[in-house]
Amino acid sequence: MTRVKICGLMEEQHVKAASSADAIGFVFAPSRRRVSIERAQELSRLADNGVQRIGVFVNASYEEIDKAVKTVPLTMVQFHGDEPDELIRRIEVPVIQAFSIRTSDDVEKLNNSIADYVLVDAPGTDYRGGSGHVFDWSLLENVELDHSRLILAGGLNQDNVQAAISQTNPFMVDVSSGVETDGRKDEVKIQQFILQAKGDSMERTQEKTIDPVGFFGRYGGQFVPETLMKAVKELEAAYEDAKNDDEFQKEYHHYLKEYVGREQPLTFAARMTEAWGGPKIYLKREDLNHTGAHKVNNAIGQALLAQRMGKRKIVAETGAGQHGVATATICALFDLDCVVFMGEEDIKRQQLNVFRMKLLGARVESVTKGSGTLKDAVNEALRYWVTNVEDTHYLIGSALGPHPFPTMVRDFQSVIGKETKQQILEKEGRLPDAIVACVGGGSNAIGMFHPFVEDASVRLIGAEAAGAGVDTDRHAATLTKGSEGVLHGAMMKILQDDAGQVQEAHSISAGLDYPGIGPEHAYLADNGRVTYEAITDDEALASVIEMSRLEGIIPALESAHAIAEAKKQAQSMTADEILVICVSGRGDKDMATYAEKLEGLS
Ligand SMILES: O=C(O)c1ccccc1N[C@@H]1O[C@H](COP(=O)(O)O)[C@@H](O)[C@H]1O
């Protein structure tokens with residue numbers, strides 16, 4: 001069925017009237033319909049997730065377009081000026097290129113466009129489009145055209161749209177003037193137009209190439225350049241298939257048991273329980289996994305998937321080094337080529353893990369750009385993937401990135417929460433009252449929380465990194481201080497400045513030192529199912545000492561954030577309550593930091 005776009009929206013009631021359209025358009029070009037990025041963002045919030053948000057530009061700068069894409073956010077952009085191919089290539093969302101059609105020579109030009117879609121329109125009058133004029137549709141008849149990328153515009157209205165569709169068979173029709181009365185959008189005309197275009201159906205058309213997928217509320221999606229779209233789609237299909245395949249699941253669980261050493265205990269922390277004087281404390285012991293943290297649960301799953309897709313080369317990023325080590329380990333086990341990007345700063349902080357990766361046969365690439373931390377390592381890993389996409393799988397280490405990564409990583413990490421649920425029922429005969437996990441990108445936390453999300457009696461608390469304090473500029477408290485934006489292929493909450501530039505994050509813990517948060521966490525924060533609190537570097541360090549001395553378990557710096565938050569939660573809990581802490585990793589990798597920061601410890 002032909003899709004419908006209603007363009008030039010400026011008012012709330014018109015966005016709502018267009019709720020069953022497939023796409024809505026905001027004009028950022030000179031026009032009487034021009035809106036600011038901020039206004040488009042407000043209006044966009046009123047539309048369903050399934051509706052494409054398309055920004056119309058005429059010869060705008062890359063910076064302006066990029067800001068609109070990230071802020072509104074836009075799922076597509078439409079160019080009506082003389083935008084060069086280099087600009088089209090730089091845009092991270094699909095691009096529509098508009099052509100004014102006067103003669104059959106103009107139609108010939110369509111096939112040379114490198115854009116994802118071509119839009120055919122009558123020449124503009126006052127502005128570069130939106131004139132309300134019809135061109136001669138028969139000009140499209142004599143040229144061989146890919147109609148799956150053709151968008152028809154120009155003077156369409158409820159009376160001529162059916163004829164236009166039958167004559168030109170476009171992928172989408174686009175209207176602006178034809179749904180206006182006296183120069184203002186008209187709710188009735190908008191709805192009549194959609195009805196006519198869709199043959200009396202007010203259904204939105206579902207089609208994978210255009211509908212945004214993998215959204216958690218407003219967050220997630222696939223904001224990737226066209227060069228990666230094929231790989232992302234291939235991965236999506238492969239994961240869909242593998243997830244429902246008993247053999248794949250059997251193999252995955254075989255390695256979790258025989259190689260990682262699962263299941264991991266849910267240890268009752270008797271001395272911490274006594275010292276904190278509140279609820280019974282249980283520790284989920286991801287620190288006991290082979291390689292020292294939860295990361296390996298996901299690395300095994302994705303490496304099996306890569307092999308299923310016939311890819312024998314792996315690229316990964318790492319912050320604290322735990323994901324890099326887990327990936328290098330699994331690549332050694334399965335004889336896969338492995339390259340790991342790691343920020344220069346993190347390499348300094350995590351020397352031991354760098355050596356472990358090399359010993360395991362991986363190539364570690366130092367990233368000197370930006371702050372030399374996790375964000376920069378993800379950037380470089382993505383770049384590497386773009387150029388090696390045919391034979392390489394990007395084994396992302398957290399619940400981040402374009403769909404299907406956040407869902408897939410969550411599923412592989414859900415073994416944490418599933419085991420915990422079973423174990424607490426066996427030990428206590430009931431569910432816990434609260435669970436705390438640390439969040440950087442958020443994979444151990446989402447793995448722990450996911451099986452409990454429907455259990456309303458269980459409070460879920462994420463501990464993010466407050467670094468030197470959330471009121472300083474040295475923190476990684478994305479949910480406390482961040483705002484909506486696109487980073488590394490997904491819409492999420494990020495730390496950014498007013499111009500939409502991603503800010504440097506800071507945490508003593510390399511694994512939490514990331515300016516974004518997985519999309520599902522952003523969603524769970526917005527709907528209030530999970531509460532997120534920020535823990536400073538100093539609080540985390542104090543918890544390292546406390547847990548080491550009370551339980552004989554030296555936690556990773558990341559996990560220490562969860563412990564510090566759990567201690568705060570315990571203050572208002574009673575002895576008949578149960579609190580579970582996810583100890584995501586062990587502290588061996590952080591020994592140099594502990595030795596430096598805790599010097600003089602008595
Ligand atoms: O709508 C505008 O004001 C506009 C301004 C500058 C470039 C494009 C514009 N709109 C696009 O023009 C076509 C046709 O609109 P109409 O139905 O003939 O009014 C459509 O693609 C709009 O997206």
Side-chain angles (χ1 to χ4, degrees), residues 2-11 14-15 17-18 21-37 39-40 43-44 47 51-60 64-65 68 72 74-83 93-102 106 110 113 115-137 140 149-165 168 170-186 189-190 192-194 196-197 210:
T2 306
R3 289 133 189 87
V4 175
K5 173 182 163 222
I6 308 291
C7 197
L9 294 170
M10 304 173 78
E11 296 176 58
H14 302 141
V15 175
D22 302 283
I24 54 176
F26 302 112
V27 180
F28 299 107
S31 163
R32 60 183 173 80
R33 305 182 182 100
R34 188 175 202 161
V35 288
S36 66
I37 292 176
R39 179 66 180 147
L43 292 171
S44 166
V51 178
Q52 297 286 327
R53 278 82 165 156
I54 302 180
V56 178
F57 300 88
V58 174
N59 298 331
E64 188 193 334
I65 300 162
V72 176
L74 300 173
T75 55
M76 284 189 169
V77 299
Q78 179 175 327
F79 288 153
H80 275 258
D82 312 300
E83 290 79 7
V93 293
V95 173
I96 301 166
Q97 189 171 25
F99 291 82
S100 295
I101 306 297
R102 294 176 192 83
D106 295 329
L110 302 178
S113 171
D116 303 274
Y117 298 91
V118 288
L119 183 147
V120 284
D121 190 4
T125 44
D126 297 349
Y127 305 108
R128 292 294 278 262
S131 66
H133 295 141
V134 180
F135 69 95
D136 179 2
W137 302 328
L140 300 174
R149 63 192 284 252
L150 181 71
I151 300 178
L152 180 71
L156 298 176
N157 57 49
Q158 63 190 61
D159 299 322
N160 66 8
V161 65
Q162 271 187 8
I165 290 172
T168 63
F171 172 74
M172 181 151 75
V173 286
D174 181 6
V175 63
S176 188
S177 315
V179 291
E180 290 176 344
T181 301
D182 297 333
R184 206 176 144 213
K185 289 281 174 305
D186 178 319
K189 284 189 181 172
I190 290 174
Q192 289 295 347
F193 183 88
I194 299 170
Q196 289 299 325
I210 188 160

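Since the model is a prediction, treat every value here as computed from it, not as a measurement. Just so you know, residue 1 is the first one in the sequence shown, and it goes up from there. Indexing begins at 1, ligand by ligand and atom by atom, following the structure's order.
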Where does S176 meet ligand 1, judged by heavy-atom distances below 4.0 Å: at the side chain, the backbone, both, or neither? both

Part of I151 within contact of ligand 1 (heavy atoms, under 4.0 Å): neither

Nearest 0.5 Å please: distance from the [atom1] atom of [X] over to the [atom2] atom of [Y].
X: K189; Y: I6; atom1: NZ; atom2: CD1; value: 12.5 Å
X: I24; Y: S44; atom1: CD1; atom2: OG; value: 6.0 Å
X: I151; Y: I54; atom1: CD1; atom2: CD1; value: 6.0 Å
X: W137; Y: L156; atom1: CH2; atom2: CG; value: 6.0 Å
X: T168; Y: L140; atom1: OG1; atom2: CG; value: 6.5 Å
X: M10; Y: S36; atom1: CE; atom2: OG; value: 9.5 Å

Under 4.0 Å from any heavy atom of [X], which atoms of ligand 1 are there?
X: V56; result: 7 (C), 8 (C)
X: L119; result: 21 (O)
X: V175; result: 17 (O)
X: H80; result: 7 (C), 8 (C), 11 (C), 12 (O), 21 (O)
X: C7; result: 22 (C), 23 (O)

Polar contact flag for V58 and ligand 1 (N/O pairs, less than 3.5 Å): no

Quick one: does Q78 get a heavy atom under 4.0 Å from ligand 1?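 It does; at least one heavy atom falls under 4.0 Å.
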
K5 near ligand 1, heavy-atom distance under 4.0 Å? yes

Starting from [atom], what is the nearest protein heavy atom, named by residue and atom, and what distance separates them?
atom: atom 2 (C) of ligand 1; answer: R33 NH1, 3.1 Å
atom: atom 15 (O) of ligand 1; answer: G130 CA, 3.2 Å
atom: atom 7 (C) of ligand 1; answer: G129 N, 3.5 Å
atom: atom 21 (O) of ligand 1; answer: D174 OD2, 2.5 Å
atom: atom 13 (C) of ligand 1; answer: D121 OD2, 3.3 Å

Heavy-atom nearest option to [atom], drawn from [options]:
atom: atom 3 (O) of ligand 1; options: G154, G81, S31; value: S31
atom: atom 18 (O) of ligand 1; options: G25, A153, G178, G155; value: G155
atom: atom 19 (O) of ligand 1; options: P30, S177, A98; value: S177

Give a yes or no answer on whether the side chain of [X] reaches the backbone of [Y] with a donor-acceptor pair at less than 3.5 Å.
X: R53; Y: A47; result: yes
X: N160; Y: G155; result: yes
X: H133; Y: A122; result: no

Against F79, only a single residue in V58, I65, I96, L119 fulfils side chain to side chain contact (heavy atoms under 4.5 Å, CB included); can you say which? I65

Should E180 and R33 count as side-chain neighbours, where that means a heavy-atom distance under 4.5 Å?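 Touching, per the 4.5 Å side-chain cut-off.
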
